[in-house]
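As structure tokens, the structure follows; a few thoughts come after it.
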Amino acid sequence: MLSLPSSELSLLVRTDFTDNAAWQRVRSAALAESVDGFSAYVTVIDERAYDGASWEDVRQAAMAGGEHAAVLFIADQSALGEDHPIQAVDLSGASRAPFRCIARELWSVDNNLNLANMDWDEFADNTDADGVFRGFA
């Protein structure tokens, strides 16, 4: 069974190790400050033990870790592509379906869900046809 550290910060867990350069781009974009000066407050987990893990398994490991944030982020194979659509997974205990968020908007999802300024549906309901949140227009 996978285990993740207890953290009040969101976790960004790498689950695909096929392209290190793409991962570095994902990580940089996710951690970059927005034009308004906002940043995601995440702990990056870059360990091969999670290679190929499903979002369900990573969610279970996060929930079992004790203290956790409201949301978990997963950088899987899809996240290595254009715009880096990182998977956002709900950790509230409700059975809400994950959605994807482009890396440069990760700060918005992270900040607003963890501060309870907004709720899950406000982001999930604003995804495009591919299920990706690209920001509020």
Side-chain angles (χ1 to χ4, degrees):
M1 179 177 170
L2 297 174
S3 65
L4 286 167
S6 176
S7 175
E8 61 186 36
L9 299 178
S10 296
L11 302 177
L12 171 59
V13 181
R14 180 183 183 185
T15 63
D16 186 286
F17 288 78
T18 59
D19 187 339
N20 197 53
W23 160 245
Q24 293 305 321
R25 289 189 299 273
V26 170
R27 184 174 186 217
S28 293
L31 299 178
E33 193 172 278
S34 75
V35 295
D36 295 320
F38 295 106
S39 299
Y41 297 98
V42 299
T43 299
V44 175
I45 307 295
D46 184 3
E47 299 176 19
R48 284 209 176 263
Y50 304 100
D51 190 20
S54 68
W55 71 264
E56 294 97 334
D57 289 341
V58 178
R59 181 183 187 275
Q60 183 177 23
M63 298 288 285
E67 184 176 18
H68 56 77
V71 62
L72 163 71
F73 299 106
I74 300 175
D76 57 6
Q77 184 177 22
S78 294
L80 301 181
E82 186 177 337
D83 285 335
H84 310 302
I86 295 169
Q87 194 165 41
V89 179
D90 179 34
L91 294 181
S92 72
S95 296
R96 297 179 183 136
F99 64 87
R100 291 192 177 272
C101 170
I102 60 172
R104 70 175 179 267
E105 289 293 329
L106 194 80
W107 69 269
S108 180
V109 176
D110 173 65
N111 291 193
N112 287 299
L113 291 180
N114 284 322
L115 293 174
N117 287 338
M118 299 175 75
D119 52 19
W120 188 263
D121 293 335
E122 290 179 86
F123 290 100
D125 291 347
N126 282 288
T127 59
D128 62 17
D130 293 333
V132 179
F133 175 76
R134 297 179 184 282
F136 294 106

Nearest 0.5 angstrom please: N111 CG to M118 CE, how far? 11.5 Å

Find the distance between CG (L72) and CD1 (I45) and round it off to the nearest 0.5 Å. 9.5 Å

Approximate separation, where rounding is to 0.5 Å, of F17 CZ and R48 CZ: 5.5 Å

State, to 0.1 Å, how close L113 and A70 come at their nearest heavy-atom pair, and which atoms those are. O-CB, 3.8 Å

Test side chain to side chain donor-acceptor pair (under 3.5 Å) applied to R104 - qualifying residues, sequence neighbours left out: none

Of the non-hydrogen atoms in S108 and F136, which two are nearest, and what is the gap between them? OG-CE1, 4.4 Å

What pair of heavy atoms forms the shortest contact from P98 to W120, and how long is it? CA-CZ2, 4.1 Å

Separation between CD (Q60) and OG (S3), nearest 0.5 Å, reads 11.5 Å

Side-chain heavy atoms of N114 within contact of S10, under 4.5 Å: yes

Is there a side-chain contact between T15 and D51 (heavy atoms, below 4.5 Å)? no

Side chains of L2 and Y50 in contact at under 4.5 Å (non-hydrogen atoms): yes

Distance only, no hydrogens: is a donor on one side chain within 3.5 Å (strictly under) of an acceptor on the other, for T18 and D16? yes

Is there side-chain contact between L80 and D19, with heavy atoms separated by less than 4.5 Å? yes

Closest heavy-atom pair, A29 versus H84, reported as atoms and distance to 0.1 Å, is CB-CD2, 4.4 Å

Is any NZ, NE, NH1 or NH2 atom of the basic residue among D76 and R100 found under 4.0 Å from an Asp or Glu carboxylate oxygen of the other? yes

Distance-minimising heavy-atom pair for W107 and A40: CB-N, 3.5 Å

Quick one: sort the F99 and F133 rings into parallel, tilted or perpendicular, breaks at 30° and 60°. perpendicular

As an exercise, state the distance from NE2 of H68 to CG of L4, rounded to the nearest 0.5 Å. 11.0 Å

Between D83 and R134, does any NZ, NE, NH1 or NH2 come within less than 4.0 Å of an OD or OE carboxylate oxygen? yes

Do side-chain atoms of T127 reach the backbone of A124 as a donor and acceptor pair under 3.5 angstrom? yes

Taking the side chain as everything from C-beta on, heavy atoms only, tell me whether V26 gets closer than 4.5 Å to I86. yes

Measuring from I74:CD1 to L12:CG, what's the distance to the nearest 0.5 Å? 9.5 Å

